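The shown structure was predicted, so the numbers you read here are calculated from the model rather than taken from an experiment.
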Amino acid sequence: MVAEVLMGHVRKYVSPVLCTLLACSHGAPRGAAPVRIEEATIDELQAAMAAGALTSYALVQHYLDRIARYDKQGPKLNAFLLLNPRALEEADRLDQERASKGPRGPLHGIPVVLKDNMNTADLPTTGGSIAFAGAQPQADAFIVSKLHEAGAVILGKANLHELARAGTTVSSLGGQTLNPYDLARTPGGSSGGTAVAVATNMAAVGLGSDTVNSIRSPASACDLVGLRPTRGLVSRSGIIPAALTQDMAGPIARTVADAAVLLEVIQGYDEKDPITADGAIMAKRSYRDALVKGGLRGARIGVLRSFFGSKPEHEEVNRLVGRAIARMESLGAEPVELEAPLDVEQLIATMDVQKWESKTQIDAWLRDLGPGAPQIHTFDDWVASGKFDKSLEKGLKAAQPFDHPESDPEYLQRIGPRKESLQKQVIAMLEEKKLDAIVYPHQKRLAVPIGESQVERNGFLASITGFPAITVPAGFSSGGVPVGVELLGRPYSEPTLLKLAYAYEQGTQNRRPPAMAP
């Protein structure tokens with residue numbers, strides 16, 4: 001009896017690594033093995049908790065230990081802006097609930113990291129800006145409330161490129177986040193802090209936001225899965241806006257299966273975000289049903305050659321993405337060459353709307369903070385304060401004149417005829433060639449060294465059309481830098497994209513944790 005009580009205390013309070021050494025699976029069914037937390041999937045963690053080999057409390061403590069070891073010391077990756085001081089308390093409460101009522105679902109007790117542009121009622125939401133340090137929302141973002149309902153533990157808030165304005169994950173409040181595969185390079189962005197936390201096993205899974213490339217860029221740069229859902233499937237309310245025409249939130253995970261679980265939880269209708277009415281029926285789907293190993297057999301995949309580079313600096317990416325396409329073919333897919341003359345730089349130059357939407361939407365977010373607002377109350381005040389990373393200055397000043405974007409003919413062209421024309425063009429490609437998806441490198445070159453801007457990213461095609469896209473690991477450069485390959489599909493074709501991505505993932509096993517965070 002005394003031994004059982006002691007082992008109960010051990011299970012709750014010591015780290016899972018020590019727990020394994022002390023046989024913390026005591027009481028588990030015969031033959032149950034202690035779980036190795038690093039690289040464990042959500043399903044594996046749940047199985048360990050169901051068997052009594054792991055608790056949410058011990059899992060959270062394990063991640064906190066790794067954060068102390070790798071984020072704040074050692075390589076000092078700088079992925080987190082703040083940790084949830086109640087994470088262990090919440091985990092303990094969820095362990096007790098599991099024991100008395102059973103788990104709520106697959107995220108019960110699972111620690112999740114949030115990009116710090118997602119409102120949390122019990123933690124500040126800063127967007128990574130000194131100007132908004134201490135800003136305290138009155139309510140959770142819709143997707144954060146969905147995580148709480150599912151029994152997830154919010155582990156902390158991750159660094160980002162300040163207010164999600166660019167792709168190298170540097171902010172005035174958090175500084176520069178490092179790529180764990182090459183500490184001299186950026187982790188992509190703007191959701192780079194979330195990606196680094198997940199890639200280094202400092203969290204189980206995470207959420208990012210994506211205005212141009214911002215979920216899929218860090219997924220590509222950190223050997224992860226990043227999913228940008230169809231516009232309308234996931235609510236954007238309670239997320240600091242960059243440009244609502246293009247903004248979307250989605251999963252960042254180590255596996256396609258984990259991304260599917262997270263998407264199931266966060267999807268759904270939100271009366272505060274009218275576009276979710278379009279996806280309300282689709283949002284009742286289970287994506288895990290699509291995860292079949294033979295999912296590439298018979299699939300037709302369009303290869304968008306205009307999204308590949310042709311210069312020496314593109315060779316590493318081209319080699320790996322070419323190999324990924326060949327592997328898809330060996331797994332049963334039929335590659336179909338596409339001659340569409342789409343140029344991503346030209347698309348950005350003629351269709352991006354961030355300059356028009358930033359000012360009015362940031363002003364609205366600040367008003368919604370109410371008594372939790374910082375000293376700075378408007379976009380103009382923010383620009384005047386100079387309290388932002390220097391990488392934002394040009395874009396912020398360019399946005400200042402647009403108090404009424406709806407009256408600007410150029411803006412109306414971008415959100416109207418040009419966008420509709422591009423959507424029709426992409427749908428026509430998919431239909432005429434009878435394609436299941438379109439494939440291309442997420443970005444044409446490797447993640448850049450710190451201090452440079454990340455250029456030649458292809459993710460804008462999904463963000464401006466509103467179509468779903470998933471990025472999965474394609475392998476590593478000769479220097480060990482990850483590269484991602486992207487699949488884009490029709491609106492609400494997430495089950496198809498997940499099926500294709502899962503089959504490719506299972507047939508390649510390209511995911512590899514960084515050596516500097518063993």
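A donor-acceptor contact closer than 3.5 angstrom is absent between the side chains of Gln443 and Ser220. No donor-acceptor contact under 3.5 angstrom links the side chains of Thr255 and Glu505, judged on distance only. Side chains of Glu264 and Tyr287: a donor-acceptor N/O pair is absent below 3.5 angstrom, by distance only.
Heavy-atom minimum distance, Arg231 versus Leu244: NH1-O, 3.0 Å. Heavy-atom minimum distance, Arg254 versus Glu39: CD-OE2, 3.3 Å. Closest approach of Val225 to Ala259, counting heavy atoms only: CG1-CB, 4.1 Å. Annotation for Asp258 and Ala253: closest pair CB-CB, 3.8 Å, computed over non-hydrogen atoms. For Ser209 against Ser190, the heavy-atom pair with the smallest separation is O-OG, 4.5 Å. When all heavy atoms are compared, the tightest approach of Met118 to Thr125 is O-OG1, 3.3 Å.
For the pair Thr126/Leu81, a side-chain contact is recorded, criterion being any heavy-atom separation below 4.5 Å from C-beta on.
Just one of Ser358, Ser129, Ser214, Ser391 meets the side-chain hydrogen bond (donor to acceptor under 3.5 Å, both in side chains) condition when paired with Arg165; it is Ser358. Checked against Thr177 for a side-chain hydrogen bond (donor to acceptor under 3.5 Å, both in side chains), the options Asn159, Asn78, Thr169 give a single hit: Asn159.
Legend: residues meeting side chain to side chain donor-acceptor pair (under 3.5 Å) with Tyr181, ordered by chain and number and at least two apart, are Arg511. With sequence neighbours excluded, the residues satisfying side chain to side chain donor-acceptor pair (under 3.5 Å) with Ser330 are Arg327.
Taking the six-membered ring where tryptophan is involved, the planes of Phe132 and Trp382 are tilted, since the angle between them lies from 30° to 60°.
Using a 4.0 Å cut-off between charged side-chain N and carboxylate O, Asp210 and Arg216 make a salt bridge. Using a 4.0 Å cut-off between charged nitrogen and carboxylate oxygen, Arg86 and Glu89 do not count as a salt-bridge pair. Salt-bridge check for Arg236 with Asp247: failed, with every basic side-chain N at 4.0 Å or more from each acidic carboxylate O. The existence of a salt bridge linking Glu97 and Arg104 is confirmed by a sub-4.0 Å separation between a basic side-chain nitrogen and an acidic carboxylate oxygen.
To the nearest 0.5 Å, atoms OH (Tyr63) and CG (Leu88) are separated by 13.5 Å. From Ser172, atom OG reaches atom NZ of Lys390 across 13.0 Å, with rounding to the nearest 0.5 Å. We find the CG-CD1 distance between Leu114 and Ile143 to be 7.5 Å, quoted to the nearest 0.5 Å. Note: Ile215 CD1 to Ser191 OG = 6.0 Å, rounded to the nearest 0.5 Å. Rounding to the nearest 0.5 Å places CD1 of Ile110 at 11.5 Å from CG of Leu147. From Arg288, atom CZ reaches atom CD1 of Ile42 across 9.0 Å, with rounding to the nearest 0.5 Å.
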Check the pair Glu494 / Thr230 against side-chain hydrogen bond (donor to acceptor under 3.5 Å, both in side chains), numbers first and verdict last. CA-CA 8 Å; Glu494 281 82 359; Thr230 304; 2.8 Å; yes
Report the C-alpha distance between Glu38 and Arg66 in whole Å, list the side-chain angles of each, state the deciding distance to 0.1 Å, and finish with yes or no for salt bridge (charged side-chain N to carboxylate O under 4.0 Å, His left out). CA-CA 10 Å; Glu38 286 77 21; Arg66 287 185 66 84; 3.2 Å; yes
Mind running side-chain hydrogen bond (donor to acceptor under 3.5 Å, both in side chains) on Ser56 and His108 for me, showing each step along the way? CA-CA 8 Å; Ser56 178; His108 190 108; over 6 Å; no
Mind running side-chain hydrogen bond (donor to acceptor under 3.5 Å, both in side chains) on Thr211 and Gln354 for me, showing each step along the way? CA-CA 9 Å; Thr211 303; Gln354 293 179 85; 5.2 Å; no
Quick one: do Thr168 and His161 satisfy side-chain hydrogen bond (donor to acceptor under 3.5 Å, both in side chains)? Show the steps, please. CA-CA 6 Å; Thr168 55; His161 204 109; 3.3 Å; yes
Step by step, would you call Leu107 with Leu262 a side-chain contact (heavy atoms from CB on, under 4.5 Å)? CA-CA 8 Å; Leu107 280 188; Leu262 205 49; 3.8 Å; yes
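Atom NZ of Lys293 sits in a sparse spot, with 12 or fewer heavy atoms from other residues, nucleotides or ligands closer than 6.0 Å. Atom NZ of Lys387 has 12 or fewer heavy atoms from other residues, nucleotides or ligands within 6.0 Å.
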